[in-house]
Every structure is written in structure tokens, then in C-alpha cells.
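Below is one structure, written out as C-alpha cells, with a few remarks after it.
The basis for the numbers below is simple: all heavy atoms, side chains too, and nothing from hydrogens, waters or symmetry mates. Remember, it's a predicted structure, so these values are computed and weren't measured experimentally.
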Amino acid sequence: MIRLYLLRHAKSSWSDPSLHDFDRPLNKRGKKDAPRIGQAMNMRGYHPDRILCSSSQRTKETLAGIVPGLTGEVSLHLLDALYEGNAPDYLSLLKANARNSKHLMLVGHNSGLQDVALRLAGSGDPLLIKKMRSKYPTAALAVLDFDCDHWDDITLRSGHLVDFIKPRDLDLEFDTDEDIIVENPAPTFFRR
């Protein structure tokens with residue numbers, strides 16, 4: 001079995017209109033949501049062994065926010081092509097870059113992530129699939145399992161949707177007044 005995690009970047013800032021879309025950082029809510037998704041992944045036993053991340057600022061900051069919640073060794077790879085990818089591109093990119101991973105994560109953008117998640121999800125909780133179809137909000141994470149051993153063997157509708165986590169859903173799980181906020185980690189966390 002292989003597992004795919006599809007994480008949309010956390011909420012980004014529009015406060016500086018002079019910034020190119022590629023360079024937009026996370027806003028305060030995004031900096032709060034990313035570590036919470038990392039915590040939820042850890043609590044649920046979701047541990048990617050390879051992460052493919054769009055090279056945009058907001059995706060790098062999202063990844064930097066979730067990394068403290070992950071355990072085990074993980075290889076990280078930035079891909080410029082994930083920035084403007086759509087569903088077919090996301091699928092071909094994951095197949096081309098998965099290497100020997102069994103638990104692969106893509107950190108990217110909509111509508112590409114939502115499209116590829118819906119195209120791959122052939123089974124799973126109908127309510128979760130309906131929620132994912134309705135809206136794939138920022139910092140949302142879809143988890144899909146495939147009954148095969150190699151990424152080249154996955155086909156459309158061959159995945160089983162295991163989970164769909166939205167930051168808003170975590171408000172009920174994390175009963176704490178203390179928020180973890182990662183302040184602009186991407187410049188030191190990643191070097192191009």
C-alpha cells in the first residue's frame with residue numbers, strides 16, 4: 001500500500017499589493033493553521049517520507065509550519081512546476097518525483113490539489129468526499145491510500161480517501177488557548 005497526502009498551502013496575505021503572487025507570505029491565520037495541521041498529522045499517525053513542495057513563498061512557509069509536527073526521516077524537494085500545476089500536471093509530477101517513497105506528500109495550490117484529489121478518490125467516506133468536492137480550503141489535507149506498491153500503478157479513482165482535515169475542524173480537537181505560530185520560517189528553512 002502507498003499513501004498520498006495532498007496539502008493546500010495555508011492562508012496567505014494580500015496586504016502588500018506590490019508583491020508578485022509567487023512571493024506572497026502567510027498571514028496570521030495561515031501561520032496559526034499550518035502548525036495545527038502538523039500536530040493533527042502527528043496525532044493521527046500521518047508521517048510522509050517524501051515531500052514535494054511548490055517553491056512559492058506561501059507553500060514553503062506552510063511546510064515549515066508543519067515540519068515540527070512530523071516524525072521520522074523525510075526528504076524534501078521544491079518543485080517550481082507545482083506552482084502553476086493543474087490536476088493532470090500534479091498527477092504526472094507526483095509519479096515522476098515520488099522515487100521510492102511509500103508515503104508521499106504534495107504541498108501545493110488549488111484548483112490543482114482539489115482536482116487531483118477528486119480524480120483519484122474512488123472510494124472512502126461519502127461525507128468526506130462531498131466536503132472535499134464542496135470546498136478545499138487553505139491548509140486542508142486530503143489523505144488517500146492506494147492498493148499498490150508503485151506510484152506508476154495508480155490510476156484515476158483508484159484511491160481510497162482516508163481523511164480530509166480542514167483547520168476549522170481542528171477547533172473542536174484542540175481545546176487550547178495557546179496557539180503555535182511560526183513567524184516567517186521559510187527564508188531560513190529553505191534555500192533555493
Side-chain angles (χ1 to χ4, degrees), residues 1-11 26 30-54 58-79 82 90-91 93-95 97-110 112-114 116-129 131-132 135-151 154 158-176 179-180 182 185 189:
M1 185 193 81
I2 53 179
R3 175 167 280 179
L4 177 63
Y5 304 96
L6 296 169
L7 177 65
R8 183 178 177 196
H9 65 80
K11 194 89 172 155
L26 296 183
K31 291 175 185 176
K32 176 183 168 185
D33 286 347
R36 293 173 71 219
I37 291 294
Q39 286 178 319
M41 289 178 66
N42 191 15
M43 289 170 55
R44 296 176 188 199
Y46 298 156
H47 304 293
D49 56 22
R50 182 163 174 78
I51 300 175
L52 306 175
C53 182
S54 162
R58 60 191 178 274
T59 48
K60 292 188 294 186
E61 287 185 25
T62 300
L63 179 57
I66 68 160
V67 163
L70 304 180
T71 60
E73 289 189 29
V74 61
S75 68
L76 304 174
H77 187 66
L78 296 178
L79 286 175
L82 287 173
Y90 272 37
L91 187 53
L93 285 167
L94 81 86
K95 286 183 176 186
N97 292 281
R99 304 248 164 78
N100 295 324
S101 70
K102 295 292 183 188
H103 299 261
L104 178 68
M105 174 181 257
L106 262 65
V107 183
H109 309 267
N110 246 8
L113 281 178
Q114 182 177 24
V116 78
L118 290 170
R119 289 179 186 197
L120 291 174
S123 65
D125 181 337
L127 181 60
L128 287 181
I129 293 172
K131 285 182 178 182
M132 189 170 67
K135 186 172 184 182
Y136 205 112
T138 52
L141 174 72
V143 182
L144 294 130
D145 283 346
F146 299 88
D147 190 18
C148 59
D149 293 322
H150 303 287
W151 293 102
I154 68 171
S158 66
H160 176 80
L161 183 64
V162 174
D163 207 348
F164 183 59
I165 306 170
K166 299 181 294 184
R168 191 163 301 211
D169 297 340
L170 298 178
D171 292 340
L172 303 173
E173 288 185 37
F174 296 137
D175 186 23
T176 178
D179 289 325
I180 300 169
V182 177
F189 189 79

Going from [atom1] on [X] to [atom2] on [Y], what distance comes out if it is rounded to the nearest 0.5 angstrom?
{"X": "Lys11", "Y": "Thr62", "atom1": "NZ", "atom2": "OG1", "answer": "12.0 Å"}
{"X": "Asn100", "Y": "Ile2", "atom1": "CG", "atom2": "CD1", "answer": "11.5 Å"}
{"X": "Leu78", "Y": "Lys60", "atom1": "CG", "atom2": "NZ", "answer": "6.5 Å"}
{"X": "Ile51", "Y": "Ile66", "atom1": "CD1", "atom2": "CD1", "answer": "5.0 Å"}
{"X": "Tyr46", "Y": "Ile165", "atom1": "OH", "atom2": "CD1", "answer": "5.5 Å"}
{"X": "Arg50", "Y": "Tyr5", "atom1": "CZ", "atom2": "OH", "answer": "15.5 Å"}

TODO: Report the C-alpha separation of Leu94 and Ile154 in whole Å, then their side-chain angles, then the decisive distance to 0.1 Å, and conclude whether the side chain to side chain contact (heavy atoms under 4.5 Å, CB included) test is met.
DONE: CA-CA 11 Å; Leu94 81 86; Ile154 68 171; 4.0 Å; yes

Which heavy atom of [X] sits nearest to which heavy atom of [Y], and what is that distance?
{"X": "Ala142", "Y": "Met132", "result": "CB-SD, 3.8 Å"}
{"X": "Leu170", "Y": "Ala40", "result": "CD2-CB, 3.8 Å"}
{"X": "Leu63", "Y": "Leu76", "result": "CD2-CD2, 4.1 Å"}
{"X": "Glu61", "Y": "Leu26", "result": "OE1-N, 3.1 Å"}
{"X": "Ala139", "Y": "Leu7", "result": "O-CD1, 3.7 Å"}
{"X": "Gly108", "Y": "Thr59", "result": "O-CG2, 3.9 Å"}

Residues in side chain to side chain contact (heavy atoms under 4.5 Å, CB included) contact with [X], at least two apart in sequence or another chain:
{"X": "His150", "result": "Asp153"}
{"X": "Asn110", "result": "Arg8, Leu113, Gln114, Tyr136"}
{"X": "Pro137", "result": "Lys135, Ala140, Phe164, Lys166"}

- [ ] Could you walk me through whether Val162 and Arg3 pass the side chain to side chain contact (heavy atoms under 4.5 Å, CB included) test, one step at a time?
- [x] CA-CA 9 Å; Val162 174; Arg3 175 167 280 179; 4.1 Å; yes

TODO: Taking ring pair (Phe, Tyr, Trp, His ring centres under 6.0 Å) as the test, write out the residues that go with His109, two or more places apart.
DONE: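 Partners of His109 under the ring pair (Phe, Tyr, Trp, His ring centres under 6.0 Å) test: His9, Tyr83.
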
Quick check: do [X] and [Y] have side-chain heavy atoms less than 4.5 Å from each other?
{"X": "Cys53", "Y": "Leu82", "result": "no"}
{"X": "Leu93", "Y": "Leu52", "result": "no"}
{"X": "Asp125", "Y": "Leu161", "result": "no"}
{"X": "Leu120", "Y": "Leu91", "result": "yes"}
{"X": "Val143", "Y": "Met41", "result": "no"}

Open item on the list: Set out, in order, the CA-CA distance, both residues' side-chain angles and the distance that settles side chain to side chain contact (heavy atoms under 4.5 Å, CB included) for Asp147 and His160, then state yes or no.
Closed with: CA-CA 9 Å; Asp147 190 18; His160 176 80; over 6 Å; no

TODO: List for me each residue that meets side chain to side chain donor-acceptor pair (under 3.5 Å) alongside His103, sequence neighbours excluded, and say none if there are none.
DONE: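 Checked His103 against side chain to side chain donor-acceptor pair (under 3.5 Å); zero matches.
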
Task: Those residues that, when tested against Asp49, pass side chain to side chain donor-acceptor pair (under 3.5 Å) (two or more places apart) - done: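 So Asp49 forms no side chain to side chain donor-acceptor pair (under 3.5 Å) with any residue.
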
- [ ] Determine, stepwise, if the pair His47 / Asn42 fulfils side chain to side chain contact (heavy atoms under 4.5 Å, CB included).
- [x] CA-CA 7 Å; His47 304 293; Asn42 191 15; 3.3 Å; yes

